[in-house]
Amino acid sequence: MFSDLNVFKMAYAMATHAGKRQAIVSQNMANADTPGYQARDIESFSNAYVKNGARIEMHASRGGHLNGVERGTPDWAVFHPDLPNDPNQNNVAIEEEMLKAVEVKRQHDRAIAIYKSSMAVLRVGLGRS
């Protein structure tokens, strides 16, 4: 019943997107000195959600969780941004990646805040504040 609420689907999708982007940013930072490595990124959450929002659903991590429906995580499109290369053909700018990491943390915090406030609204509605 509550797993079909759009606000929970959106919060889940936002947190999943933040996790995927954080993994990509981490890979970029780890390969900042690797010759020939090309930075990767995924499109912004707002663009991705507009395109894929209807297909994003929460999934169960265990059989008894969320009605027992186990699904895979959404597949966010990865791309190589067109950035200038260093002499070693690497285009990772560590400063840019650090800014992306901060942006990702804020996005994840926002997703958790949306989830928590939605749960608080449901609890008040049920008289369990």
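Here the structure is a predicted model, which means the values were calculated and not measured.
- Linking ILVMFWY residues whenever their side-chain heavy atoms come closer than 4.5 Å, directly or via other members, places Phe45 and Val78 in the same cluster.
- Results of the side-chain hydrogen bond (donor to acceptor under 3.5 Å, both in side chains) test with Glu103 over Arg21, His108, Gln22 single out Arg21 as the only residue that passes.
- Residues Met98 and Tyr37 do not share a hydrophobic cluster, clusters being chains of Ile/Leu/Val/Met/Phe/Trp/Tyr side chains in contact below 4.5 Å.
- Shown here are the side chain to side chain donor-acceptor pair (under 3.5 Å) partners of Lys116, two or more places apart in sequence or in another chain: there are none.
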Go through the steps for Ile42 and Lys20 under the test side-chain contact (heavy atoms from CB on, under 4.5 Å), then give the verdict. CA-CA 8 Å; Ile42 58 177; Lys20 175 71 172 182; 3.9 Å; yes
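- Both Tyr115 and Leu122 sit in one connected hydrophobic cluster of ILVMFWY residues. Membership requires side-chain heavy atoms under 4.5 Å apart, directly or through other members.
- Linking Ile, Leu, Val, Met, Phe, Trp and Tyr residues whenever their side-chain heavy atoms come within less than 4.5 Å places Ile24 and Met14 in a single cluster.
- Two residues are said to be in side-chain contact when any heavy atoms from C-beta on lie closer than 4.5 Å; Leu5 and Lys9 fail this criterion.
- Closest approach of Pro81 to Ala39, counting heavy atoms only: CD-O, 3.2 Å.
- Applying the salt bridge (Lys or Arg N to Asp or Glu O under 4.0 Å) test to Asp109 and every residue at least two apart in sequence or in another chain returns Lys105.
- Taking Glu96 as the reference, nothing meets the side chain to side chain donor-acceptor pair (under 3.5 Å) condition, with sequence neighbours excluded.
- Across every non-hydrogen atom of Ala11 and Ala111, the tightest pair is O-CB, 3.6 Å.
- Residues that satisfy the side chain to side chain donor-acceptor pair (under 3.5 Å) test with Asn91, not counting sequence neighbours, are Gln38.
- When every heavy atom of Ile94 is checked against every heavy atom of Ala32, the shortest pair comes out as CD1-CB, 4.0 Å.
- Side-chain contact annotation: Glu43 with Asn47, donor-acceptor N/O pair under 3.5 Å absent.
- Hydrophobic clustering, with ILVMFWY side chains joined whenever heavy atoms are under 4.5 angstrom apart, groups Phe8 together with Ile114.
- Every residue meeting the side chain to side chain donor-acceptor pair (under 3.5 Å) condition with Thr34, not counting sequence neighbours, appears here in chain and number order: Asn31.
- Asn88 meets the side chain to side chain contact (heavy atoms under 4.5 Å, CB included) test with Pro35, Asp86, Asn90; sequence neighbours excluded.
- When the shell of 6.0 Å around CG of Asn85 is examined, it contains more than 12 heavy atoms from other residues, nucleotides or ligands.
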Step-by-step salt bridge (charged side-chain N to carboxylate O under 4.0 Å, His left out) determination, Lys100 to Glu97: CA-CA 5 Å; Lys100 287 179 190 176; Glu97 299 303 320; 3.4 Å; yes
